[in-house]
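Some notes on the structure that comes next.
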Amino acid sequence: MTRSSTGLHSETLPSSFYDRPTLGVAADLVGKVLVHTFRGRRTSGVIVEVEAYIGESDPACHAAPGPTNRNQPLYGPPGHAYVYLNYGLHYLVNAVTEREGFPAAVLIRALEPLEGTDAMRRRRGRPGLAAHMLCSGPGNLTVALGIGPRHNRADLSAGRLTIEDHHRPPRPLAWTPRIGIRVGTVHRWRCIAADSPAVSGPRPSGRPGR
DNA sequence: CGTTCGATGCACT
DNA sequence: GTGCATCGAACGT
């Protein structure tokens, strides 16, 4: 048990949190807090947008071609990070879910910054950027928190990259199709905090935020 | 508001 | 050689 920036008790989510059906994990990750500690400094944000990628039968999941060198972490133990390079430019971070051997994960797509917004602006290289834009988008949040390929396979229940429960009040959730993919769009496996200005891309009703 | 497009690296066929 | 789970600037309306 630690003291969170909000003054409420918080604890790191255990591996068991991730060891269950991915859609449940995705819904429950909204409102939790992603934390990276670097040189004793925390940068963190409340998760407000995620997407589920579930099994070899999901054409948009990296496990669709079966086990490969890259997607190995998806087959590994739940509660570990899967970090990979996308479009040759952006690192994206996932939390591996379900039992070991079943490839599935939740992609973290947006945060509401909580701690270390100054460091986030420095890492983004955008001194004047509004707080709600600092971690909006999966490639942006990894830059803002300093997450990179060294975090691939990292244990999210212990270490420098973790997800915490700050016991924040529940958020109104909305499920939409996943975005940025060309296959598997039939599933509504993107879960957002419908009231958040930090969510990337389209949302049910137009709001400020991009 | 909207759409288009270039940058960029690597896994996979 | 092809195709991305992206971003942001540039341009059209």
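Since the structure is predicted, the reported quantities are computational estimates derived from the model, not experimental observations. Convention: sequence-line order gives letters A, B, ...; per-chain numbering from 1. Keep in mind that the numbers below use all heavy atoms, side chains included, and drop hydrogens, waters and symmetry copies.
- Distances from the side chain of A:R70 to the nucleotides C:dA5, B:dA11, B:dC10 place B:dA11 closest.
- Applying the salt bridge (charged side-chain N to carboxylate O under 4.0 Å, His left out) rule to pairs touching residues 57-85 of chain A yields A:D58-A:R178, sequence neighbours excluded.
- Side-chain contact between A:Y84 and A:H90: absent, with no pair of heavy atoms (C-beta onward) separated by less than 4.5 Å.
- When distances are taken from the side chain of A:L85 to each of C:dA5, B:dG9, B:dT13, the shortest belongs to B:dG9.
- For DNA chain C, none of the residues of residues 21-33 of chain A falls under the heavy-atom distance limit of 4.0 Å.
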Checklist outcome for this item: Dot-bracket assigned to DNA chain B with the 3.5 Å Watson-Crick/G-U criterion, [ ] for crossing and | for other-strand pairs, is |||||||.||||.
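- The side-chain hydrogen bond (donor to acceptor under 3.5 Å, both in side chains) contacts involving residues 29-41 of chain A comprise A:H36-A:H151, where partners must be two or more places apart or lie in separate chains.
- Here C:dA5 presents its C1' atom at 14 Å from CG of A:N71, a figure rounded to the nearest Å.
- Interface residues of residues 48-61 of chain A facing DNA chain B, ordered by number: none; criterion, heavy-atom separation under 4.0 Å.
- You'll find the side chain of A:L145 reaches within 4.5 Å of the side chain of A:L111, heavy atoms only.
- Ring to ring, A:H62 and A:Y53 are not that close: their centroids are 6.0 angstrom or more apart.
- Legend: residues meeting salt bridge (charged side-chain N to carboxylate O under 4.0 Å, His left out) with A:D118, ordered by chain and number and at least two apart, are A:R122.
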Item to check | Residues A:H166, A:E11; criterion side chain to side chain donor-acceptor pair (under 3.5 Å); working and verdict | outcome: CA-CA 7 Å; A:H166 286 208; A:E11 54 270 339; over 6 Å; no
Checklist entry - After noting the C-alpha distance and the side-chain angles of A:T176 and A:R190, does the key distance pass the side chain to side chain donor-acceptor pair (under 3.5 Å) rule? => result CA-CA 5 Å; A:T176 79; A:R190 173 174 174 255; 3.0 Å; yes
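- Counting only heavy atoms from C-beta outward, the side chains of A:L13 and A:Y18 approach each other to under 4.5 Å.
- Between the OH atom of A:Y84 and the P atom of C:dG3 there is a distance of 17 Å, given to the nearest Å.
- We find that NE2 of A:H62 is positioned 8 Å from C1' of C:dC4, with the value rounded to whole Å.
- Around CZ of A:R160, the count of heavy atoms belonging to other residues, nucleotides or ligands within 6.0 Å does not exceed 12.
- Residues that satisfy the salt bridge (charged side-chain N to carboxylate O under 4.0 Å, His left out) test with A:D165, not counting sequence neighbours, are absent from this structure.
- At whole-Å resolution of the value, CG in A:L141 and C1' in C:dC7 are 13 Å apart.
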Nucleotide N/O of nucleotides 6-8 of chain B paired with protein N/O under 3.5 Å:
{"from": "B:dT8", "atom 1": "O2", "to": "A:Y87", "atom 2": "O", "distance (Å)": "2.5"}

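- For residues 12-29 of chain A, every residue pair satisfying the salt bridge (charged side-chain N to carboxylate O under 4.0 Å, His left out) rule, not counting sequence neighbours, is listed here: A:R20-A:D28.
- As a whole-Å value, the separation of A:I179 CD1 from C:dC7 C1' is 12 Å.
- Side-chain contact between A:D155 and A:S15 is present, with at least one heavy-atom pair separated by less than 4.5 Å.
- Rounded to an integer number of Å, the gap from A:R188 CZ to C:dA5 P is 20 Å.
- Taking atom C1' in both C:dG8 and B:dC10, one finds a spacing of 22 Å when rounded to whole Å.
- When hydrophobic residues (I, L, V, M, F, W, Y) are linked wherever their side-chain heavy atoms come within less than 4.5 Å, A:V186 remains an isolated member.
- A:V30 has its side chain within reach of A:V50: a pair of non-hydrogen atoms, C-beta onward, lies under 4.5 Å apart.
- Of the residues in residues 122-130 of chain A, not one comes within less than 4.0 Å of DNA chain B through any heavy atom.
- Using a 4.0 Å heavy-atom criterion, one finds that A:N94 contacts the bases of the nucleic acid, with or without backbone contacts as well.
- Counting only residues at least two apart or in different chains, salt bridge (charged side-chain N to carboxylate O under 4.0 Å, His left out) contacts with residues 97-109 of chain A comprise A:E49-A:R109, A:E51-A:R109.
- Note on A:R182: a side-chain N or O is less than 4.0 Å away from OP1 or OP2 of C:dC4.
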